[in-house]
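The block underneath contains the structure these notes are about, expressed in structure tokens.
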Amino acid sequence: MLNPYAVMYDTKMDVYRWKEVEEGNITKHKKVLVSSDRPCRYSSSGQVSTGSPNPSIQNSHTLFCGLDEDVREGDHLVITLRTGKVVEVDLGECHPYTYQWQCEIKRDDNA
């Protein structure tokens with residue numbers, strides 16, 4: 001199915017997922033690259049200032065990507081914006097719609 005929103009995917013993402021990896025006789029959880037350089041849209045949807053005496057800015061962002069992308073709640077994303085800036089975030093709840101995934105992202109930045 002052709003995704004009409006794909007033309008708006010102006011950023012790229014690398015998707016990392018925690019997986020069990022055996023090293024010798026020990027099983028460890030490691031962040032493993034699942035997919036790289038995948039098209040997406042990173043959108044800001046709000047900003048709230050909280051905290052005292054150390055103020056914190058809580059940004060609310062949304063990620064949009066095609067239904068063919070392998071994204072899951074808890075994944076770690078490295079997003080490269082069209083300006084070249086790199087943002088690292090964790091993926092929240094994802095909802096599939098007719099043409100794309102819509103996923104919540106929350107990231108805390110100290111003021």
Interatomic spacing from OG in Ser43 to NE2 in His61 - rounded to 0.5 Å: 9.0 Å
In a table with atom names and distances, give each donor-acceptor pair under 3.5 Å that connects a side chain of residues 25-36 to protein atoms at least two apart or in another chain.
from  : atom 1 : to    : atom 2 : distance (Å)
Lys28 : NZ     : Glu23 : OE1    : 3.3
Lys30 : NZ     : Glu23 : OE2    : 2.4
Ser36 : OG     : Asp14 : OD1    : 3.1

Transitive ILVMFWY side-chain link Met13 to Val86, under 4.5 Å: no
4.5 Å side-chain heavy-atom contact, Glu20 and Glu22: no
Counterpart residues, side-chain hydrogen bond (donor to acceptor under 3.5 Å, both in side chains), relative to Arg17 (two or more places apart): Asp70, Asp75
Shortest non-hydrogen contact between Leu67 and Thr98, atoms and distance: CD1-O, 3.4 Å
Closest non-hydrogen atom pair, Pro39 against Glu69: CD-OE2, 4.1 Å
All disulfide (SG to SG under 2.5 Å) counterparts of Cys103, not counting sequence neighbours: Cys94
hydrophobic_cluster_shared for Leu77 and Trp101, side chain cutoff 4.5 Å: yes
Qualifying residues under side-chain hydrogen bond (donor to acceptor under 3.5 Å, both in side chains), relative to Glu88, sequence neighbours excluded: His76
Considering all heavy atoms, the nearest Asn3-Gly66 contact: ND2-CA, 4.0 Å
Side chains of Arg72 and Leu91 in contact at under 4.5 Å (non-hydrogen atoms): no
ring-ring contact (aromatic ring centres under 6.0 Å, His included) partners for Tyr9, two or more places apart: none
Side chain to side chain contact (heavy atoms under 4.5 Å, CB included) partners for Val87, two or more places apart: Tyr42, Leu81, Lys85, Val89, Arg107
Min side-chain heavy-atom separation Ile79-Lys12 under 4.5 Å: no
Partner set under side-chain hydrogen bond (donor to acceptor under 3.5 Å, both in side chains) for Asp10, not counting sequence neighbours: Arg41, Arg82
Residues in side chain to side chain contact (heavy atoms under 4.5 Å, CB included) contact with Pro4, at least two apart in sequence or another chain: Tyr99
side-chain hydrogen bond (donor to acceptor under 3.5 Å, both in side chains) involving Tyr16 - partner list, sequence neighbours excluded: none
